[in-house]
Chemist: 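Submitted below is the structure of interest, expressed as structure tokens.
Here the structure is a predicted model, which is why all the values come from computation and not from measurement.
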Amino acid sequence: MLKIEIEDFIFEMKDEILSYEELGQEYANKWEKNFLRWLEDDSIKKKNIKKDKNQTYYVIGDESEIFDMADEYYYAVTGNQEDNYWKNFK
């Protein structure tokens, strides 16, 4: 298990999203905006979010999960299913 600080997790996800030429900076920023909205929504159960002292972490099994999450986002955007991506985001 890897605990990644939220800021680092956002950076890594945006970096992966930027690797998709079809998405670019616009969608990387859009992902960040929606992620922060998701993070602040207390009505959503967030099993991958852990708080330790004054720091918030996103917990993943290994780094390959970031690639998988970026792939899912790519397929959601190109398949016009972005709303479903965020409904199912964990």
Side-chain angles (χ1 to χ4, degrees):
M1 292 288 234
L2 291 173
K3 285 185 358 182
I4 304 172
E5 291 182 16
I6 288 296
E7 296 81 14
D8 293 337
F9 175 71
I10 291 170
F11 176 83
E12 293 294 329
M13 279 297 298
K14 287 177 71 175
D15 192 48
E16 283 304 311
I17 291 167
L18 287 170
S19 71
Y20 293 102
E21 206 171 282
E22 299 89 344
L23 301 183
Q25 191 67 50
E26 175 188 356
Y27 281 96
N29 291 340
K30 190 174 181 182
W31 183 91
E32 178 180 16
K33 179 182 167 189
N34 286 321
F35 175 76
L36 292 173
R37 185 179 307 140
W38 173 86
L39 188 61
E40 293 172 1
D41 188 341
D42 292 331
S43 70
I44 299 171
K45 186 175 181 177
K46 301 168 187 79
K47 68 177 186 173
N48 289 37
I49 299 296
K50 302 291 181 211
K51 295 192 181 211
D52 187 19
K53 298 181 184 174
N54 292 331
Q55 191 62 284
T56 303
Y57 298 92
Y58 195 91
V59 179
I60 58 175
D62 60 41
E63 288 185 25
S64 69
E65 286 186 37
I66 291 175
F67 306 127
D68 294 342
M69 292 168 72
D71 286 346
E72 289 173 18
Y73 185 66
Y74 169 79
Y75 293 123
V77 169
T78 59
N80 218 12
Q81 298 291 319
E82 203 171 345
D83 287 342
N84 286 338
Y85 174 87
W86 289 108
K87 285 178 187 173
N88 297 316
F89 190 82
K90 297 174 179 149

Chemist: Output, in order, the C-alpha distance, side-chain angles, deciding distance and verdict of side-chain contact (heavy atoms from CB on, under 4.5 Å) for Glu82 and Asn34.
Modeler: CA-CA 10 Å; Glu82 203 171 345; Asn34 286 321; 4.0 Å; yes
Chemist: If hydrophobic clusters are built from ILVMFWY residues whose side chains come within less than 4.5 Å, do Met13 and Trp86 share one?
Modeler: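 Yes, one cluster joins them.
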Chemist: Taking atom CD1 of Ile49 and atom OG1 of Thr56, what is their separation to the nearest 0.5 Å?
Modeler: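 Answer for the CD1-OG1 pair, Ile49 versus Thr56, is 7.5 Å.
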Chemist: Please check if Ile66 and Trp31 belong to a single hydrophobic cluster, counting links between Ile, Leu, Val, Met, Phe, Trp and Tyr side chain heavy atoms closer than 4.5 Å.
Modeler: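 Linked within one cluster.
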Chemist: Any chance CD of Glu63 has more than 12 other-residue heavy atoms, nucleotides or ligands included, within less than 6.0 Å?
Modeler: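 12 or below, so no.
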Chemist: Are Phe9 and Ile44 co-members of a hydrophobic cluster defined by side-chain heavy atoms under 4.5 Å apart?
Modeler: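 Yes, it is one cluster - the side chains of Ile44 and Phe9 are joined through contacts under 4.5 Å.
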Chemist: Testing the basics here: between Lys14 and Ala28, what is the closest heavy-atom pair and its distance to 0.1 Å?
Modeler: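 Closest approach of Lys14 to Ala28, heavy atoms only: CG-O, 3.6 Å.
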Chemist: Decide yes or no on side-chain contact (heavy atoms from CB on, under 4.5 Å) for Gln81 and Glu72, but give the supporting numbers first.
Modeler: CA-CA 10 Å; Gln81 298 291 319; Glu72 289 173 18; over 6 Å; no
Chemist: Look only at the side chain of Asp15 and the backbone of Phe11, and say whether a donor-acceptor pair between them is shorter than 3.5 Å.
Modeler: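 No; zero donor-acceptor contacts below 3.5 Å.
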Chemist: Does the Lys46 side chain pair with the main chain of Asp41, one donor and one acceptor, at a distance under 3.5 Å?
Modeler: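 Looks like yes, one N/O pair under 3.5 Å.
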Chemist: Run the side-chain contact (heavy atoms from CB on, under 4.5 Å) check on Glu12 and Tyr58 step by step: do they pass?
Modeler: CA-CA 12 Å; Glu12 293 294 329; Tyr58 195 91; over 6 Å; no
Chemist: If you measure from CE on Met1 to NZ on Lys50, what distance do you get to the nearest 0.5 Å?
Modeler: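 Interatomic distance, Met1 CE to Lys50 NZ, rounded to 0.5 Å: 7.0 Å.
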Chemist: Kindly compute the distance separating CD1 (Ile10) from CD (Glu5), expressed to the nearest 0.5 Å.
Modeler: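 Between atom CD1 of Ile10 and atom CD of Glu5 there are 11.5 Å.
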Chemist: For the CD1 atom of Ile17 and the CE atom of Met69, what is their distance to the nearest 0.5 Å?
Modeler: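 One gets 9.0 Å once the value is rounded to the nearest 0.5 Å.
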Chemist: Which label fits Phe89 and Phe35: parallel for a plane angle under 30°, tilted from 30 to 60°, or perpendicular past 60°?
Modeler: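 Plane angle over 60°, so perpendicular.
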Chemist: Distance from Asp83 atom CG to Asn88 atom CG, nearest 0.5 Å?
Modeler: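 The CG atom of Asn88 is 11.0 Å from CG of Asp83, to the nearest 0.5 Å.
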Chemist: Which pair of non-hydrogen atoms, one from Gly24 and one from Leu18, has the smallest distance, and what is that distance?
Modeler: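 Closest pair (atom of Gly24, atom of Leu18, distance): C-CD2, 3.5 Å.
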Chemist: Tyr85 pairs by ring-ring contact (aromatic ring centres under 6.0 Å, His included) with which of Tyr27, Tyr73, Tyr75?
Modeler: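 For Tyr85, the ring-ring contact (aromatic ring centres under 6.0 Å, His included) check succeeds only for Tyr73.
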Chemist: From Lys3 NZ over to Asp8 CG, what is the distance, rounded to the nearest 0.5 angstrom?
Modeler: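 Answer for the NZ-CG pair, Lys3 versus Asp8, is 13.0 Å.
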Chemist: Tell me if the CG atom of Asp52 is crowded by more than 12 foreign heavy atoms within 6.0 Å.
Modeler: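 Enclosed: over 12 neighbouring heavy atoms sit under 6.0 Å from CG of Asp52.
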Chemist: Flag yes if Val77 and Tyr74 sit in one hydrophobic cluster, no otherwise; membership is Ile, Leu, Val, Met, Phe, Trp, Tyr, and two members link when side-chain heavy atoms are under 4.5 Å apart.
Modeler: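 As far as the 4.5 Å side-chain criterion goes, Tyr74 and Val77 are connected within one cluster.
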Chemist: Would a single hydrophobic cluster contain both Leu2 and Ile6, if residues Ile, Leu, Val, Met, Phe, Trp and Tyr are joined by side-chain heavy-atom contacts under 4.5 Å?
Modeler: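 Yes; tracing contacts between hydrophobic side chains, which count when under 4.5 Å, links both residues.
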